[in-house]
Structures are given as structure tokens and as C-alpha cells.
There are 2 protein chains.
Amino acid sequence: MFESYTIKDIAKALGLSTSTVSRALNGSYEIGAETKRLVLEYAEKVNYRPNPIALSLKEQKSHSIGVVVCEVANDYFSQAINGIESIAYNRGYHVIITQTHESFDRESANVQHLLSRHVDGLLVSLSAETTDTTPYKYLHEKGFPIVFFDRVATDVNTHKVIANNFKGSFEATELLIKAGFKKIAHLTNSINLLISRERFDGFKAALDKYGLDFNPGYLKHCNHGGMIQDEVEFAIKELLDMDERPDAIFIGSDRLTINSMHILKKLDIKVPDDIAIAGFTNSDVAELFDPPLTVVRQPAFQIGQIATELLIKTIESKWPVEDFITEQVEIELIARSSSQRIR
Amino acid sequence: MFESYTIKDIAKALGLSTSTVSRALNGSYEIGAETKRLVLEYAEKVNYRPNPIALSLKEQKSHSIGVVVCEVANDYFSQAINGIESIAYNRGYHVIITQTHESFDRESANVQHLLSRHVDGLLVSLSAETTDTTPYKYLHEKGFPIVFFDRVATDVNTHKVIANNFKGSFEATELLIKAGFKKIAHLTNSINLLISRERFDGFKAALDKYGLDFNPGYLKHCNHGGMIQDEVEFAIKELLDMDERPDAIFIGSDRLTINSMHILKKLDIKVPDDIAIAGFTNSDVAELFDPPLTVVRQPAFQIGQIATELLIKTIESKWPVEDFITEQVEIELIARSSSQRIR
DNA sequence: GTGAAAGCGCTAACAC
DNA sequence: GTGTTAGCGCTTTCAC
């Protein structure tokens, strides 16, 4: 069962040469129908499976793709990875997952490691710390397939898959405004990330539309993306301690949203009575929270799928790919009571 | 950067033979200090990385391990996989994850697929549907390394890593009893799984200790492990509709616990006022629920690590492994208000 | 229509 | 101390 037959075994058993067997197995024209039948039948009988490692060596392809994300214990990324796996599996690729924990050094090490593993391509979501994307640029220019998703590198012209962050933020902020909140803070990820900037823009645009001033003190960045709990707690306390305390917070990242809820609970701040909350998260249990949480939800599974399709298409392209697209998917705003005004 | 140098390139550049280079790289005794230095220096300079695929072919080892779980979008399993990856990565293995979605057929297909990928070993947690474990038995008897974790096959004598399910259930049930609940139902996974039986035993033992009768109508099995939402909803409704409605439910699986909370919310059943809840889950946000959820939590990360250590030890053992252990880890009961009596 | 042989990158037995 | 060679499983040119 696991001691597999090789092409050689089949050749020996049938008194043929390995090349004949190989050709028969691959349905080559030049093989006699009878021989072909014989080989196919025998292969079927002994449950022959080509050795993927030998194939890889021959083809100079590992049939694996490397994934770089900040962490897997994050609903957004675990769902995205699910999507990645679902496509990769069907296309005969396996995926090697690495985590940066939001560190640039770990990200570099992971890319190095994946390259030394001879992955055929890379699916990357940048760490919160990353500012220097020249390694990706270099690889990409050399023709190495890379697809970015979610946290993309602006200056590398390759395929990218992102959510409509602007719209997601705009609508969530608008929801808070319509609920009657006027002093809305924005807690978000590192300024390094394009998603943070896009989400801020959406937030700001909603304020503008409704004629609300933007108070710079209401903008808090967590440069470690919520990996350091104290950083988040500090930012939240700063908001709470302001003379003009915000009456709502719109949160721009999955981990930050969840962390914030833990912190608010710890500080015994009531949501939405003391402060209303809406935030990006892909948690499936946000409706079970106390209070049920208003969320901006991304189609993470689908994003993973699209990114993987694009990557495999690039890998398997006969010609150097020149046209790169940026696929934008829609987000979903789910209103629940954490963003409702208490009267 | 990704067009790697081979041993041959180095040999050519230095005017040596490939074998000399290979030996120098591997620190062989028989190579002159000077040559060694030369090779090492050059290898360092061009950032030489051995081709893992060629190594695999040579060694007849893929340096990969296959993982079979029901699903990754489950806190217990995503944490376990994290533990698996953390060990595997450091030991130079990559992991290929497959999901059964609680189907025996998919489980078989996954094992087949992993074997055809020439994984060096298997880390398995059985599907809820699985009753026939002869394929594992067969593989194991042939000397193929397998380690079970969480959902183990009783009749395959290999390494196993499990939590103290009996104790976890006993203590959770005891907590409910001490809170004053007397009509405690037990909602659990398929009877096929040993964990279900162990968890039931712990539940039953607690009832016995406190002189409470066991009402067979209070025991509900979800044979699809919560993959079919209707099955769970049906079971819960049956409990709620009983003449003598239970006043508490102790739930024996992560997915079932989460699903049940969704269903109770949908049915507008108040916890713990209408019915108290305690359940197995590794969710990190259970404290944010309404009400905060009393949980039995397993050290999933650690379980994944231990299982992987055992597997790699078995894979790399020079001698056929004869002594197999069953490692049992402790669980943690975290009491919150979902299991508290309302007065 | 089929076979022999080379080669993918690497190691290791066997020369010398 | 270093080089030559075979072989891991497979495909593919080149012969016949």
C-alpha cells in the first residue's frame, strides 16, 4: 500500500522497457494499443502512482506553493488558507504555510526558507512591520510568480487580491454616524500597510460626507498589528482617557477588533453604552458576543481561492506573464447591537 | 536568488568534482581543510542551498508529514495544527493538511492521497463517521509511522496523544451539579469516537457521585459531529421539548458547543436562565460570549506538538519502533456564568 | 512501435 | 584527499 510500485517494477513484470511503460502511462501516440492496455491494466491492478518527487526533480518544479501570512490563528487568515488549500489541492499543489507574527525579519526568513524549498510560487500577505519590499520586486522581475492578497506591496506590479477596504470602512463608519455617534475614533493597524490607509480613507470620507470633523487624536495605530496586547490596551486607554472621550470606535483589523473586545471587558467598559464598536473581523461567533458585534466581513475563503487561481495560472503559464490584475472583492457589513445607540 | 546554485556549479567554479564538494559541504573527515574552507566559503558566497527534492529522491524520504483532521476552521484543530507546524518546521518537515469534513470516504481518499505524495508519516484524528480502522492497522503493521491524536483508533497499537477527557467531563458536570442543576443533558459527538465514550463516562461518573439519575433521554449524539446544522438543532429542540426539560446541557465537542450557542440564540433560549451550558471548546473568545461561556479547554497546541515529536521520532528511528505510548495531557476547566444558577 | 541512454541534484561505494 | 560512477524515479531524445 505505501511501498509503491515504480515504472521499473511494471516494466520488469511486463517484460518491457521503462520508456515504453512511461509512454503508455502518459497515453503517447506511438505505443501499440495492446501494449498500452497491458500497461494500464497492470498499473491499475497494482495501484501505481507516479512518484511526485521524481517528477519534481525532472520537471524542476516542486508542485508546492509557499504562503506567507502573519498568523494562522486569526479567523481571516484561517479562512483564506482554507480557500488556498481548496484550490491548491485540486490542482495538485501542496501548500507550505509560514507565519511572520508581524515581524519583518521573520518574513524575510520565511521567504528564504520557502525559496530554498523550491516552491513554485508565493502567496503573500505582508507583515505589519514590512516597509522594504525590494526582495519581492527582485523576485518578481526575475519572473518568479508571486501573488499578494490583503496586505499587498504597492510597488510590485504583480497580481493582487484585495477587498474593497474603502467601502467597508465607509459603510461601517456611516452606520455609526447614522446611529447618532459623532465622536468616532479609529483604531487600526500599522500605517505601513496599504489596507490601513485605505480603511482610514473610507473612515475619513464618511466623516466628511456627514460634516463631522476629524480629530487626529482619535486615530490610533497599532504598529505590531495587535500582536502585543499592551500596545492595544495602551491605545484604548488613551482614547478612553481623552477629555473629549470618543463615543464610538471603528476598528480596522481582525485581531485588533477581538483584542479590543477583551480589553474593554477587562476594563469593564460597557459596549455600546459607554462606547460603541464596529470593526473588521471574520469571526463566525461575533453574533454570540455580548453585545453582538457589528462587523465588516471579508470573503476570506474566496480571496484565498482567487489568489491561488491567479498564482497557479502564472506558474503554469507557458509565456512570461505581462498583464497583472488587481482583483477587488466586495465586503459585507453586518450590523448588530454593538453599534447601536442606547437611548 | 531563486535560481539556485547546484553542487555541480560549485564544483565547476572551483575545479573540483561534485563528490568532493558534497563531502566538503557535509563536513566529511576525508576532505582537506583548505579545500573544505574553499568550498564552504564559496557556497556561503553564492548562498548555496541543497535541493530538498533531490535529497528526497535520494533518501527515499519526502520530509513531509500528512495530517488528517475533520476541519481546520475549528479552534481546537487550528491550534493543534499550529503546534504541529511549530515542531515540523524546526525539524525540516513540511506538513500537508487534509480535511475529512467528518466523512469516512474523504478520510480514506485523503490517506490515499497523502501516501501517493510519499509522506513520511501520518498524524491522524479520525472522522466522526469512521469505524473501520483496518487501513491504519495495515499501514502500521507494515512499519509506516502513524500517530493518532484526540480521536484515536483503539485497535491500532501506535503512539497516541489524548486529553484527559474523563476528568474534563467529570469536572464540568460536577460544576453544573454544584451550581444546583439536577437535570443535566449531554450533547455529544458520534458514538463511534472514543472521546465521546470517555466524555460520557466522565459525565456519568459525576452524576453517580452526586446520586443523580441518568436519564437516557438526556443523551444526544450528533453523528456528523456538528457538520450538519440541522442535526444539532433537532437534538437541541428534542431536549427543549421534553416533558421534563433539562436545566443544563454539558456539550462534548468544540463544534457542537459553538453550534449550540448559535441555535439557542436563534431559538431565543436564554442561557443560563432557561438552560445552563458548559462545553468543550478551545475558542479564545468564549469569555466574550453572552453569557460568558464555561468551557473545558484542551492544550491543543501542546497536543499537536507532542504528537509531532512522537511521529518524527518514529520516522527517524533507526530501529523498528516497538514501544508505543499513549500520552495523556490535562485539560482546563474555566468556569464562567453560562453555568451559573440564576436566583 | 519499442528500447537504450542521458539527465534532473545529490550521496556514497569504490577507485586511485 | 579527491575523482569516478551508479542510482534514486521519471521523461525524453535519439536509435533502430
Side-chain angles (χ1 to χ4, degrees), chain A residues 2-43 46-64 92 115-120 316 318, chain B residues 2-43 46-64 92 115-120 316 318:
Chain A
F2 76 95
E3 294 270 352
S4 335
Y5 277 73
T6 70
I7 232 170
K8 212 163 146 187
D9 297 325
I10 300 182
K12 204 183 297 168
L14 263 40
L16 292 168
S17 78
T18 58
S19 36
T20 304
V21 174
S22 169
R23 276 183 282 233
L25 254 18
N26 292 306
S28 165
Y29 288 100
E30 31 189 20
I31 297 295
E34 179 58 13
T35 314
K36 211 180 253 181
R37 195 186 57 74
L38 226 59
V39 171
L40 258 24
E41 231 162 50
Y42 188 78
V46 301
N47 192 27
Y48 168 79
R49 295 273 175 270
N51 183 326
I53 299 167
L55 278 174
S56 291
L57 186 59
K58 182 74 195 167
E59 299 173 11
Q60 298 290 70
K61 287 199 41 184
S62 65
H63 286 278
S64 63
L115 291 177
S116 78
R117 285 264 192 197
H118 288 243
V119 294
D120 297 332
E316 295 183 349
K318 295 282 171 215
Chain B
F2 76 95
E3 296 269 350
S4 335
Y5 277 74
T6 70
I7 231 169
K8 213 163 146 186
D9 297 325
I10 301 182
K12 204 182 297 168
L14 264 40
L16 292 168
S17 79
T18 59
S19 40
T20 304
V21 174
S22 169
R23 277 183 282 231
L25 254 18
N26 292 306
S28 165
Y29 288 101
E30 30 188 20
I31 298 294
E34 178 58 12
T35 314
K36 212 180 254 180
R37 195 186 55 74
L38 226 58
V39 171
L40 258 25
E41 232 162 49
Y42 188 79
V46 300
N47 192 26
Y48 167 79
R49 294 275 175 270
N51 183 327
I53 299 167
L55 277 174
S56 291
L57 185 60
K58 181 73 194 167
E59 299 173 11
Q60 299 289 71
K61 286 199 43 186
S62 64
H63 287 279
S64 63
L115 292 177
S116 78
R117 285 262 191 196
H118 288 244
V119 294
D120 297 333
E316 295 184 347
K318 295 281 171 215

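All of these numbers come straight from a predicted model, not from anything done at the bench. So that the names make sense, note that chain A is the first sequence line, chain B the second, and so on, each numbered from 1.
- The two residues Ala24(A) and Ile31(A) have their closest heavy-atom pair at N-CG1, 4.0 Å.
- The 12-atom threshold is not exceeded at OH of Tyr5(B), counting heavy atoms of other residues, nucleotides or ligands nearer than 6.0 Å.
- Distance CD1 (Ile53(B)) to P (dC10(D)): 15 Å, rounded to an integer number of Å.
- Thr35(B) comes within 4.0 angstrom of sugar-phosphate atoms only, judged by non-hydrogen atoms across all strands, and of no base.
- If you measure from atom CD1 of Ile31(A) to atom C1' of dT11(D), you get 13 Å, rounded to the nearest angstrom.
- In this structure, His118(A) atom NE2 and dC8(C) atom C1' are separated by 12 Å, rounded to whole Å.
- Distance OG/Ser22(A) to CG/Leu16(A): 12.0 Å, rounded to 0.5 Å.
- Within the 4.0 Å cut-off from OP1 or OP2 of dG9(C), at least one side-chain nitrogen or oxygen of Gln60(A) is found.
- Screening Val39(B), Thr20(B), Asp9(B) for a side chain to side chain contact (heavy atoms under 4.5 Å, CB included) with Leu14(B), the sole residue that qualifies is Val39(B).
- Here the side chain of Ser4(B) pairs no donor or acceptor atom with the backbone of Arg49(B) at under 3.5 angstrom.
- One atom, CD1 of Ile10(A), and another, C1' of dC10(D), lie 12 Å apart when rounded to the nearest Å.
- Rounded to a whole Å, the CG atom of Leu57(A) is 14 Å from the P atom of dT12(D).
- Between Tyr42(B) and Val21(B), every side-chain heavy-atom pair lies at or beyond the 4.5 Å cut-off.
- Residue Asp9(A) contributes atom CG, which lies 10 Å from atom P of dC8(D) at whole-angstrom precision.
- To the nearest angstrom, C1' of dG1(C) lies 16 Å from CZ of Arg37(A).
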Starting at the 5' end of nucleotides 10-15 of chain C, put B wherever the base has a protein heavy atom under 4.0 Å, S where only the sugar-phosphate does, and a dash everywhere else. BBBBB-
